[in-house]
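Notes to accompany the following structure.
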Amino acid sequence: MIVVMKPGATREQIAMVCQRLEELGFKAHPIFGQEKTVIGAIGNKRALSSEALVNLPGVERIVPILKPYKLVSKELKDTPTIVRIGGIPVGGRSIVVMAGPCAVEDEEQLFKTAYAVKEAGAQILRGGAFKPRTSPYSFQGLEEEGLRMLARVREETGLPFVTEVLDTRDVPLVAEYADALQIGARNMQNFRLLKEAGATGKPVLLKRGLAATVEEWLLAAEYILDTGNQQVILCERGIRTFETSTRFTLDLAAVAVVKENSHLPVIVDPSHGTGNWRYVLPLARAAIAAGADGLLVEVHPDPAHALCDGPQSLHPETFVRLMDEVTAVAWAVGRGLASSSLSPVVSAAGCKRVGAGLSTHKKETVKVSLRAN
Ligand code: PEP
Ligand code: MN
């Protein structure tokens with residue numbers, strides 16, 4: 001249920017409605033808009049007579065929220081939420097690219113990748129220190145040592161970083177280092193983890209579960225918002241279907257569905273979504289055309305020898321081409337690329353570079369692809 005306050009309702013009136021809602025057994029989530037304040041009343045009590053509230057001073061009307069998810073819903077908040085990762089806004093007009101190796105392997109690999117993705121125009125570094133692997137015998141990540149490396153690279157390059165947290169026990173440690181916490185596909189419905197990650201107040205990148213409906217995904221995000229943390233970015237990364245020619249089936253329709261129903265930013269991960277570096281560029285372009293607010297892309301200086309997800313990782317030179325192509329699509333759909341502190345891909349300059357860059361990178365990419373994959 002939403003309590004819509006009259007324009008000009010005072011802080012005291014808002015506080016009084018919140019207090020009344022709490023007395024009635026609801027959690028009150030005020031959202032202060034430019035013109036009006038609305039208060040989300042969240043609880044599992046089915047019936048609440050609107051008379052209990054409608055006569056309170058400052059209240060304009062009471063509106064039910066029809067969707068099962070409430071706080072993430074556009075019914076409650078119809079302006080886009082902007083999430084800030086180390087000062088980089090995600091969810092505004094500009095597209096944000098998070099890139100880096102699947103797993104942090106060593107300092108040289110991480111520095112090389114970070115400088116390469118930054119030079120190409122990525123604004124956020126992504127690297128895993130705790131890795132969820134299908135086999136217990138695969139590389140599981142460098143854990144705290146990996147987090148320390150990510151922090152050193154951030155210091156040198158100025159790139160904020162996002163990294164996965166796998167377990168509630170690691171939340172304080174990962175939150176101490178990271179600019180944003182990733183909750184992976186396999187943990188999308190680990191409800192304790194969602195709550196604890198939310199409670200840190202850090203931005204959370206929530207990947208879609210491999211077998212989750214959009215509604216289940218939004219309900220998972222609801223757990224994080226329910227902790228009082230609105231800084232959530234959704235990430236479509238492909239779902240399991242009968243199709244076997246790609247690792248997963250990248251569901252770009254989900255981007256449109258999320259945009260229709262939620263105010264949260266949504267980005268797309270074409271690396272896990274396809275599992276093959278050859279398909280990453282076309283799906284990255286398509287994701288931006290479909291309305292995604294950004295991308296998460298795996299990049300490795302030597303994909304053939306990567307300890308994790310090499311076949312879907314781009315060589316840095318191919319990543320340059322991706323950035324050029326994505327910039328062109330972003331401009332075509334009325335958006336640009338967010339700038340990082342050193343980024344060469346900014347506004348008008350970026351636009352010029354697109355035209356200049358495409359053919360040059362094409363030749364290089366063919367060469368690199370043969371060598372790297
Ligand atoms: C990853 O981002 O490297 C990862 C393991 O992703 P997902 O949870 O989407 O499989
Ligand atoms: Mn990966």
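Along the sequence shown, the residues carry numbers beginning at 1. When a ligand or atom number is given, it counts from 1 through the structure's own listing order.
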Would you check the N or O atoms of Glu164, main chain and side chain alike, for any that come under 3.5 Å of an N or O of ligand 1?
no
Atom 4 (C) of ligand 1: nearest protein contact (heavy atom, Å):
His272 NE2, 3.4 Å
Between the side chains of Glu145 and Arg148, is the shortest nitrogen-to-carboxylate-oxygen separation below 4.0 Å, so that they form an ion pair?
no
Where the Mn ion (ligand 2) is the corner point, what angle links SG of Cys102 with OE2 of Glu298, to 10°?
90°
Nearest non-hydrogen protein atom to atom 2 (O) of ligand 1, with distance, is Arg126 NH1, 2.5 Å
Give the numbers and elements of all ligand 1 atoms closer than 4.0 Å to a heavy atom of Arg237.
7 (P), 9 (O), 10 (O)
Atom of His272 closest to the Mn ion (ligand 2), considering N, O or S atoms
NE2
May I ask you to check if ligand 1 and Arg186 share an N or O to N or O distance below 3.5 Å?
yes
Flag the pair Arg152 and Glu156 as a salt bridge only when some basic side-chain nitrogen lies within less than 4.0 angstrom of an acidic carboxylate oxygen.
no
Could Lys70 and Glu75 be called an ion pair, given the rule that one side-chain N must be under 4.0 Å from one carboxylate O?
no
With atoms numbered from 1 as shown, which atoms in ligand 1 lie under 4.0 angstrom from a non-hydrogen atom of Ala185?
7 (P), 8 (O), 9 (O)
In ligand 1, which numbered atoms sit nearer than 4.0 Å to a non-hydrogen atom of Gly184?
8 (O)
Return the closest protein heavy atom for atom 3 (O) of ligand 1 as residue, atom name and distance.
Lys131 NZ, 2.9 Å
salt_bridge(Asp226, Lys195) N-O dist < 4.0 Å
no
From the options Pro132, Cys308, Gly238, select the one whose nearest heavy atom is closest to atom 5 (C) of ligand 1.
Pro132
Counting both backbone and side chain atoms, is some N or O of Gln182 under 3.5 Å from an N or O of ligand 1?
yes
Atom 6 (O) of ligand 1: closest protein heavy atom, distance to 0.1 Å, is Lys207 NZ, 3.0 Å
Enter the distance from Glu222:CD to Leu71:CG here, rounded to the nearest 0.5 Å.
4.0 Å
Could you check whether any side-chain heavy atom of Glu215 comes within less than 4.5 Å of a side-chain heavy atom of Lys67, counting everything from C-beta outward?
no
Between Cys102 and ligand 1, which residue portion shows a heavy-atom distance shorter than 4.0 Å: side chain, backbone, both, or neither?
side chain
Test salt bridge (Lys or Arg N to Asp or Glu O under 4.0 Å), reference Asp309, set Arg247, Lys131, Arg133, output is Arg247
Are Glu164 and Lys207 ion-paired here, with the side-chain N under 4.0 Å from a carboxylate O?
no
Short question: side chain of Thr163, backbone of Ala178 - any donor-acceptor pair under 3.5 Å?
no
Would you say Leu296 has any N or O atom under 3.5 Å from an N or O of ligand 1, going by distance alone?
no
Is any side-chain N of the basic residue among Lys112 and Asp302 closer than 4.0 Å to the acidic one's carboxylate O?
no
If you check every N/O/S atom of Asp309, which is the one nearest the Mn ion (ligand 2)?
OD2
